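Scroll down for the structure; my scribbles are underneath it.
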Number of protein chains: 2
Amino acid sequence: MTKTSPAPDQLRPAGRATRAAIEAAARVLFADRGFEGASVRAIAAEAGVDPALVIRHFGSKEALFLRTVDTSLGIGSVIEGPLETVGRRLVAYFLDPALPGLRKRFVALAQAAHHDQVREEMVRHTAETYVAPLVPRLTGEHRELRAALAVAQLAGLLNLLFVQEDPIVSGADPETVIAIYGDAIQRLLTPESAA
Amino acid sequence: MTKTSPAPDQLRPAGRATRAAIEAAARVLFADRGFEGASVRAIAAEAGVDPALVIRHFGSKEALFLRTVDTSLGIGSVIEGPLETVGRRLVAYFLDPALPGLRKRFVALAQAAHHDQVREEMVRHTAETYVAPLVPRLTGEHRELRAALAVAQLAGLLNLLFVQEDPIVSGADPETVIAIYGDAIQRLLTPESAA
DNA sequence: GTCTATAACCAGATAGAC
DNA sequence: GTCTATCTGGTTATAGAC
């Protein structure tokens with residue numbers, strides 16, 4: 001097993017600075033080039049340190065990724081809004097071109113999802129951040145399942161949009177996509193409010 | 001640029017045999033270990049040839065992947081069935097544990113989707129095999145968009161199920177998932193037949 | 001010419017000695 | 001903290017065998 005990296009507080013000033021530099025570089029490069037595209041060497045170079053130090057501090061590339069990349073994509077506030085309109089608001093949030101780096105961060109996450117450690121953390125995080133807050137607000141049967149499926153459905157759109165870059169959806173009128181797909185998600189969450 | 005590999009018909013017997021051996025090995029290993037997990041070297045070893053030959057014959061690992069892995073997951077016949085029940089039938093198809101290798105093939109595809117050549121081919125193939133046959137059978141507005149979104153929604157489930165291996169959905173009663181999610185897909189395709 | 005094999009190159013992740 | 005070494009992986013150069 002990998003030796004656990006020292007906790008930040010035990011490090012001397014130089015160590016803390018190095019660690020911070022690596023984290024900053026990793027944040028930039030992972031977002032910019034994705035998980036595979038950002039090499040440990042490149043991150044080290046960007047931070048001005050030796051590649052081996054990266055591993056020494058964080059244990060592995062995977063662990064570094066988990067420490068630096070925000071696995072939530074910032075939709076917490078969207079989910080907390082009015083339940084009756086959450087479907088459309090979620091879709092609208094991701095179709096908003098004013099959110100720079102969102103695409104790249106999603107792609108980085110999707111790539112990294114194939115690594116066990118990252119995948120497990122993502123599942124845990126999704127359950128905790130997306131599904132759990134929704135469940136108590138739902139009514140009817142299979143509340144947890146429906147919340148999980150709604151999140152999955154949203155992920156399907158993001159995949160089409162950001163990974164596949166499908167021309168049909170990318171080229172469609174955003175309002176139309178929001179209406180059609182948003183309502184579809186909404187019906188999973190609040191079936192009784194069907195239009 | 002890479003020199004184009006020779007067309008199969010121009011090869012001499014020895015070449016054709018080698019090519020076939022590589023293809024067979026690639027099919028097995030890609031399905032078994034995914035795109036990243038199956039190294040060119042491992043494929044070559046399995047085929048009993050030199051790694052360099054793999055590239056010589058197929059140009060690149062990506063190209064080999066495209067030649068050997070079935071990008072359709074065999075849902076053609078499902079889509080061709082009755083339109084009014086296609087949503088549930090699609091979900092049921094993928095929840096059927098009797099289809100061995102389905103999960104692994106999907107994971108391999110998902111991994112390889114991050115490579116440009118493969119991604120483009122997948123988009124093209126999806127449009128041609130899934131979306132195109134559906135569109136003329138739909139009625140109402142935004143038929144192409146709705147078909148694309150339905151496919152995306154299905155992909156979301158597959159991702160949750162096969163990549164994330166989410167315990168909520170994996171542990172849920174298949175019939176319930178089929179009903180809830182299948183109907184959600186169905187409503188994108190035939191909104192008028194809402195239950 | 002058309003294969004095939006050997007070696008080599010370059011990049012990546014990580015372990016271990018200092 | 002740093003550097004070097006090792007291992008694995010994709011790919012290319014090149015020269016020999018058919």
Side-chain angles (χ1 to χ4, degrees), chain A residues 1-8 10-23 25-26 29-30 33-68 111-112 114-118, chain B residues 1-23 25-26 29-30 33-68 108 111-112 114-118:
Chain A
M1 277 282 108
T2 320
K3 212 182 304 175
T4 29
S5 49
Q10 297 175 351
L11 296 178
R12 290 179 302 179
R16 241 179 285 132
T18 301
R19 203 181 164 95
I22 294 171
E23 281 185 358
L29 290 188
F30 277 140
R33 310 185 189 170
F35 182 78
E36 317 280 0
S39 72
V40 170
R41 281 169 141 96
I43 291 168
E46 175 82 14
V49 303
D50 190 273
L53 256 187
V54 175
I55 302 301
R56 191 151 190 72
H57 272 292
F58 295 92
S60 72
K61 186 183 178 181
E62 267 183 82
L64 174 62
F65 182 83
L66 284 175
R67 281 247 163 256
T68 52
Q111 272 186 320
H114 297 285
H115 297 260
D116 286 351
Q117 230 183 291
V118 176
Chain B
M1 278 285 110
T2 319
K3 215 180 306 179
T4 29
S5 51
D9 349 3
Q10 298 174 352
L11 294 179
R12 300 198 304 222
R16 241 178 283 132
T18 301
R19 207 183 161 92
I22 294 171
E23 280 185 357
L29 290 188
F30 277 140
R33 310 184 188 171
F35 182 78
E36 317 280 358
S39 72
V40 169
R41 286 172 142 98
I43 291 168
E46 176 81 15
V49 304
D50 190 274
L53 265 183
V54 174
I55 302 298
R56 184 140 189 73
H57 273 288
F58 293 92
S60 72
K61 186 183 179 181
E62 265 184 85
L64 174 62
F65 182 82
L66 284 176
R67 281 248 163 256
T68 51
Q111 275 184 9
H114 295 287
H115 297 261
D116 286 352
Q117 234 181 287
V118 176

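To find a chain, count down the sequence lines: A is the first, B the second, and so on, and within it residues start at 1. Here the structure is a predicted model, which is why all the values come from computation and not from measurement.
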Check: [X] side chain, [Y] main-chain N or O, donor-acceptor pair, under 3.5 Å:
X	Y	answer
K61(B)	F35(B)	yes
R67(A)	E23(A)	no
Q117(B)	E62(B)	no
E46(A)	A25(A)	no

Phosphate-side-chain proximity, [X] and [N], N/O vs OP1/OP2 below 4.0 Å:
X	N	result
S39(A)	dA11(C)	no
H57(B)	dC3(C)	no
T18(B)	dT4(C)	yes

Return the value, rounded to whole Å, for the distance between atom [atom1] of [X] and atom [atom2] of [N].
X	N	atom1	atom2	value
F30(B)	dG9(D)	CZ	P	13 Å
L29(A)	dG12(C)	CG	P	11 Å
I43(B)	dG10(D)	CD1	P	8 Å
R19(B)	dT2(C)	CZ	C1'	14 Å
H115(A)	dG12(C)	NE2	P	14 Å
E36(A)	dG10(D)	CD	C1'	14 Å
E62(A)	dA13(C)	CD	P	11 Å
L64(A)	dT14(C)	CG	P	10 Å

* To do: For the side chain of L53(A), starting at C-beta, report the closest nucleotide among dT11(D), dA13(C), dG1(D).
  =>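 When the side chain of L53(A) is considered, dG1(D) is the closest of dT11(D), dA13(C), dG1(D).
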* Among dT11(D), dT2(D), dT4(C), the one nearest R56(A) by side-chain distance -> dT2(D)
* Using heavy atoms to find the nearest nucleotide of DNA chain C for A42(A) and A52(A) separately, return the residue whose nucleotide is more 5′. => A42(A)
* Nearest-nucleotide comparison on DNA chain C, the residue closer to the 5′ end among R41(A) and D50(A) ->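 This one resolves to R41(A).
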* Does the side chain of I43(A) come within less than 4.5 Å of F30(A)'s, by heavy atoms? -> yes
